[in-house]
Structures are given as C-alpha cells and as structure tokens.
Amino acid sequence: MPAKLFHFAGEPVATAREIDLDATLDHDALRNLIAAHFAIVDPNGSIGFQSEDFIFTNVSEIIASDAPITITIDGKPVKEIPGPNGLPIVGNFFEIYPDHLGNHQRLFEQYGPIFKTTSMGRTTYHTNDPELSAVIFSESDFFTKKINGSHPLHAIKNTEAGVFLGDTDTPEWRTAHKFLPPAFGPKAVRHYAPVMQQTVEHAFKVFDAFDEQGEAWNVYQYMLKLGSQAVGKLVLGIDFQHFSSINAPPHELILLIAESLELNKKVTARGDWYSKLPFGDPKRLKDIRGRVFAIVDESIKNASRGGVEDLPLQDAALKAHNMIDYAIRATDNKGEKLPKTSLIQALLVATGAGFTTTSSLLSWLIYSLVTYPGLQDRLLQELVDNDIDADTQITADLTDRLTFMDKFIKETQRRHNPSYQPGRTAKVDMILPGGYKLPQESVVIGALHHLHNNPNVWDNPTRFNPDRWDTEEVRNRHKAAYIPFAAGPRMCIGFNFALQEVKVFLPKLVYRYRFTKETEGPVEYDPMFQLIRPNNLYVRAERRVKWPPKSDSFVPTASL
Ligand code: HEM
C-alpha cells in the first residue's frame with residue numbers, strides 16, 4: 001500500500017503526515033480518509049489536492065506524484081480565525097461592551113462568518129453562519145456542550161443539574177434527559193393550556209387597574225411577573241401571587257434567579273480572577289444558590305405530602321398537575337425515579353430557563369405589537385375571524401388555526417431573539433467549513449441574534465415582516481438559519497411549553513386590550529444580563545370597547 005505525505009496549504013511541509021493509500025480508493029473515499037486524519041469537519045466537495053504546479057483530479061495522479069501533497073479547502077489554504085487585537089489584560093472588553101449586539105454585528109461585518117475575541121482573559125469564537133451553527137450544535141465527534149473555563153455558563157456550572165448548566169457527557173445529563181423531555185412534549189404541554197389561560201386572565205385585574213388610572217406600565221417588569229407566574233405554577237406548583245395587586249413584588253425565588261443570572265454575566269465577563277473572589281459578587285452568587293435550593297426543596301416536600309401514585313414516564317407527563325408532581329411520580333422501565341438532588345437542581349434550572357426566556361419573549365411580542373404599524377389589527381382580525389372572543393377557551397387545536405399569529409411570533413423571535421448565547425466546545429483540533437482552524441477546547445457561540453439577522457441569509461433582515469414566513473425563500477431556508485431554541489441534543493427542552501404559553505397569552509391580551517407605546521426614544525437592553533430584553537419599554541393597555549366585524553374574504557383554515 002503506497003504511503004504519501006499530506007499537509008495543509010498554508011502550513012509548512014514539516015507538518016506533513018504520512019498516510020497509507022489504497023490504490024482502489026476513489027476520490028471521495030480519499031477525501032473521507034484525509035478528513036478523518038486531519039479532523040476536517042466537512043469532507044464533501046470542499047477538500048482538494050495539489051502540488052506546487054498541479055491540481056490532482058484523481059487518486060492515481062496522487063499515488064504517482066513524488067512530492068508531498070498539499071490539501072486545500074475550497075481551493076484555498078487553511079486559515080486562522082480572525083478577530084480584533086486586544087488591549088493588555090482587558091483584551092477586547094471595551095470593543096464588545098456595553099453594546100454587545102451592535103459591536104458583534106460590526107465584528108461580523110469586518111471579519112466574516114466566524115471571529116474570535118478575548119475579553120478579560122477568556123477567549124470565545126462567535127458565528128452567525130447557518131452551516132457553522134449546524135456543525136457546532138450537532139453533538140458529534142467535533143463538538144459537545146462542555147462548560148470549560150471559557151464557556152459563558154462557567155460561573156454557574158452545576159453538573160448535578162444535568163440540564164442546561166452541565167456538560168453533555170455526564171450521567172446526570174443522561175438521567176435528566178430521560179426524565180424531563182416527556183413532560184415537555186407537545187401532548188404533555190397541551191394539558192397545561194387551561195392553567196396558562198387562567199394565569200393570563202388573573203393578570204387582567206392589574207392591567208385593567210392601570211387602564212382605569214390612565215397609567216402606562218413597564219413591559220418587562222409585568223411580563224416577568226406573568227411569565228414566572230405560569231412557570232411557578234406549572235413547574236414548581238407554587239402560586240407566586242404576582243397579580244394579587246398592582247404592586248405585588250416578584251416572589252423571592254424569581255428575584256434570586258434573576259439576580260444570579262445578572263451576577264453570572266458580570267462575573268463571567270470580568271474573567272477568572274474575579275470569579276474566585278471570596279467576597280462581593282462571586283460570594284453573593286454562591287449564597288443565592290443555597291437559598292434557591294432550599295425553596296425548591298420545600299416545594300417538593302409539600303407536593304409529596306399525602307402520597308402520590310407512581311406512573312410510567314409518558315402517563316405521568318399527561319396526568320401530572322405540574323413538573324414537580326410529574327418528577328416525583330415518573331418511573332422509568334426499570335422502576336427508577338429521578339434522584340432527589342437531580343430533581344431539585346433540574347427543576348430549578350428549568351424554572352430559571354423557563355421564566356427568564358418566556359418573559360423576554362412576551363416583552364418583545366408586546367414591543368412588536370406597539371412598534372410595527374398595522375400588525376395588532378391583523379392579529380385581532382384573525383381572532384375575530386376564528387370566532388374567538390373573551391369567553392373562548394384557547395386550546396392547542398385552536399391556536400393551530402391562527403396562522404398569522406404564528407408568523408408574528410416567529411418574526412419576533414427572529415428579529416428580537418432573547419438569546420442565551422449558547423456555546424459549544426471543540427473536542428479536537430479541527431478544520432471548520434470555510435477552512436478555518438479551530439483549536440481543541442475552543443468555545444464557539446452560535447450568536448442567535450446575528451444568525452437571525454444575517455443579511456447573507458435573510459432578505460432585508462432589519463425589516464420586521466411576518467409575511468416573509470410564507471415565501472419560498474424562507475420555507476427553503478437552511479435548517480440552522482432560524483434556531484431560537486438552539487439545535488441538536490442540547491437544544492431547549494421547554495420550547496413546546498414556551499410556544500404554547502405565548503400562543504395562549506397573546507390572543508387573550510390582544511382581544512382585550514389595544515396596546516400603545518409610551519416610551520420616548522430608543523428601547524434599551526441591559527448588556528450585563530444573560531438575555532436580551534427591552535428594559536425601558538412602557539406601554540398603555542386600553543380595554544377595547546369595539547371589535548371589528550368578521551372579514552368578508554375570510555376562509556377558515558382547516559382544523560389540524
Ligand atoms: C422563549 C422561550 C425560550 C427560549 C428562547 C429558550 C432558549 C433556549 C436555548 C437557546 C437553550 C440552549 C442553551 C444552551 O445551549 O446553552 C435552551 C435550553 C434549555 N431550555 Fe429553553 N428556552 C425557552 C423556554 C424554556 C422553557 C419554558 C423551559 C422550561 C420550562 C426551558 C427549559 C430549558 C432547559 C431545561 C434547557 C437545557 C436543555 C439541556 O441542557 O439539554 N426553556 N433554551
């Protein structure tokens with residue numbers, strides 16, 4: 001079997017590796033062999049072979065050549081991932097903050113689909129490219145969710161939680177991932193629709209009171225109360241009493257989780273040395289974790305009082321009153337249950353992941369209602385045309401018919417993604433599509449906001465246009481061009497829950513109120529918070545007294 005020396009174009013000949021070639025190999029098989037030896041992520045089509053003065057088109061030419069063979073990717077040498085030079089110690093910190101969305105956009109425009117920054121000693125890579133995003137999120141020989149020192153979640157890493165805050169390759173993740181998804185499947189969340197509806201109807205008292213006083217309210221503050229009220233009831237079985245009066249404060253648990261996210265972003269942004277301080281923010285972060293754990297433990301004890309019937313996972317998911325009820329009943333085929341510590345940690349994480357995100361999405365939905373002319377009226381018309389009124393019980397079957405609302409939600413999640421900055425870690429030194437060299441242990445962040453607003457992927461991305469979702473271009477998009485809940489095995493497990501919740505809340509809110517914007521000037525987000533939310537948005541919600549008639553041209557969508 002002939003042995004040949006191969007090295008990358010752009011790398012010295014001294015780096016060449018000897019590889020045995022079987023004369024029966026065809027060109028594609030050779031590409032796959034070279035891809036396996038050099039950890040080239042995408043062997044298909046992009047790998048080429050050449051010598052100083054010759055481009056090889058078949059394997060026999062390569063075997064006949066005496067010189068080392070140069071490997072090209074897309075006909076070009078491999079390259080380092082670009083990025084801005086930093087200052088001593090702080091690196092690129094001041095080039096990124098405070099407006100990390102705007103600054104990252106500028107860096108994508110300057111450096112292309114993937115760039116590298118170092119902030120306070122922590123290096124991360126960012127991509128706005130669908131192909132690269134699909135690669136990083138796929139959990140493969142190349143990437144996994146491993147929360148190392150460079151990962152944005154490092155300061156709150158918690159292996160016991162299994163989900164969200166832990167690495168993929170752990171027994172805790174596998175256990176949590178066996179028990180939690182059935183409770184978040186589409187069928188399981190359907191039976192939570194009535195509680196979701198009661199939650200939003202209960203909040204009307206407060207929005208009505210604001211209207212009677214002619215007052216505007218801060219959207220994020222009240223969507224935080226609303227989103228967390230639903231998650232509190234349906235995940236932890238706790239009534240947070242967020243709408244008992246206009247000024248009812250958020251429950252202690254909510255304040256603690258929100259504070260811990262804020263502290264985490266701050267502690268992570270400032271680097272390793274800061275996160276190790278035994279006082280100040282890092283200490284507060286540890287103290288918060290202890291208190292939060294105790295509150296959830298108490299809720300589990302309450303739910304267990306009086307005894308519960310064990311059920312197989314799927315049955316438990318359909319019958320449980322909430323996720324705690326599910327988690328203490330659900331039994332796998334070996335008769336095992338989710339261990340108590342994992343249960344507390346996993347539910348806590350699901351609570352945090354659930355309310356911070358849904359409250360941001362709800363806020364951006366209201367932002368879209370009051371910012372983009374005419375859309376509120378179109379939503380209302382769709383409700384009227386589908387015979388929805390104040391007394392309608394909203395079910396998943398009904399929301400399936402509200403196709404404009406679906407497009408409106410998708411477009412809001414595209415244009416105004418709350419974004420978790422999900423990061424994945426390189427398992428090996430590799431060559432990414434495009435010929436980029438990525439070292440092992442590098443953390444690549446799928447920059448969801450920038451992916452969803454990438455002009456190479458989306459036509460006129462800054463234009464808010466729900467109707468784009470009807471176009472062939474958007475229907476045929478790359479599978480990773482729109483991934484508000486990330487992708488792959490570590491994507492959001494609560495997305496059915498989240499979408500159902502907003503699809504129950506939005507019709508109820510739009511039918512009852514006409515929303516108008518009261519904020520002067522631009523809407524701002526808090527750069528030190530883990531998520532993007534419109535902090536200073538104020539609206540008036542006026543009770544409707546008139547509704548439009550059904551449209552003449554309305555053709556009902558067949559029930560699914
Ligand atoms: C608009 C709402 C939501 C958005 C945009 C969202 C987004 C995301 C994203 C991007 C991830 C991946 C994080 C990463 O890779 O680091 C994630 C994971 C997760 N989400 Fe959501 N989420 C939402 C709602 C929810 C809800 C309502 C729940 C539960 C009640 C939930 C529970 C989780 C959990 C447990 C994970 C971790 C999964 C794992 O580690 O395998 N999310 N979410």
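Read the numbers this way: they start at 1 and go in the same order the structure lists the ligands and their atoms.
To the nearest 0.5 Å, the span separating OG1 on T117 from OH on Y125 amounts to 9.5 Å. Considering OG of S228 and NZ of K233, their distance stands at 11.5 Å, rounded to 0.5 Å.
Within the listing of ligand 1, atoms 14 (C), 15 (O), 16 (O) sit less than 4.0 angstrom from a heavy atom of P422. Residue A350 has at least one heavy-atom neighbour below 4.0 Å for each of these atoms of ligand 1: 29 (C), 30 (C). Listed by number with element, the atoms of ligand 1 under 4.0 angstrom from any heavy atom of H177 are 41 (O). Residue contact check: K145 has heavy atoms under 4.0 Å from atoms 14 (C), 15 (O), 16 (O) of ligand 1. The ligand atoms of ligand 1 that sit less than 4.0 angstrom from a heavy atom of L361 are 1 (C). Those atoms of ligand 1 with a heavy atom of P484 less than 4.0 angstrom away are 5 (C), 7 (C), 10 (C). Counting atoms of ligand 1 from 1 in the listed order, those under 4.0 Å from a heavy atom of A498 are 2 (C), 24 (C). For ligand 1, the atoms sitting less than 4.0 Å from at least one non-hydrogen atom of F497 are 27 (C), numbered in the order shown with element in parentheses.
Of all the listed residues (F164, F495, F184, F137), F164 holds the heavy atom that lies closest to atom 37 (C) of ligand 1. Across G352, A230, G354, heavy-atom proximity to atom 26 (C) of ligand 1 is greatest for G354. The heavy atom nearest to atom 15 (O) of ligand 1, out of those in E139, Q421, R424, is found in R424. Distances from atom 38 (C) of ligand 1 to the heavy atoms of Q413, M491, M323, E501 put M491 nearest.
For the residue pair Y97 / N103, no side-chain donor-acceptor distance below 3.5 Å is found, with atom types taken as modelled.
At most 12 heavy atoms of other shown residues, nucleotides or ligands fall within 6.0 angstrom of atom NZ in K116.
A cation-pi contact links K145 to F164, judged by a cut-off of 6.0 Å to the six-membered ring centre and 45° from its axis.
Using a 4.0 angstrom heavy-atom cutoff, F355 does not count as in contact with ligand 1. Ligand 1 lies nowhere less than 4.0 angstrom from a heavy atom belonging to V349.
A327 and L347 make their closest contact through CB-CD1, 4.3 Å (heavy atoms, listed as atom of the first residue, atom of the second, distance).
By the 4.5 Å heavy-atom criterion applied to side chains, Y482 and V457 are not counted as neighbours.
The side chain to side chain donor-acceptor pair (under 3.5 Å) search around E411 returns R414, R468, W469, not counting sequence neighbours. Listed by chain and residue number, nothing satisfies the side chain to side chain donor-acceptor pair (under 3.5 Å) test with D42 (two or more places apart in sequence, or in another chain).
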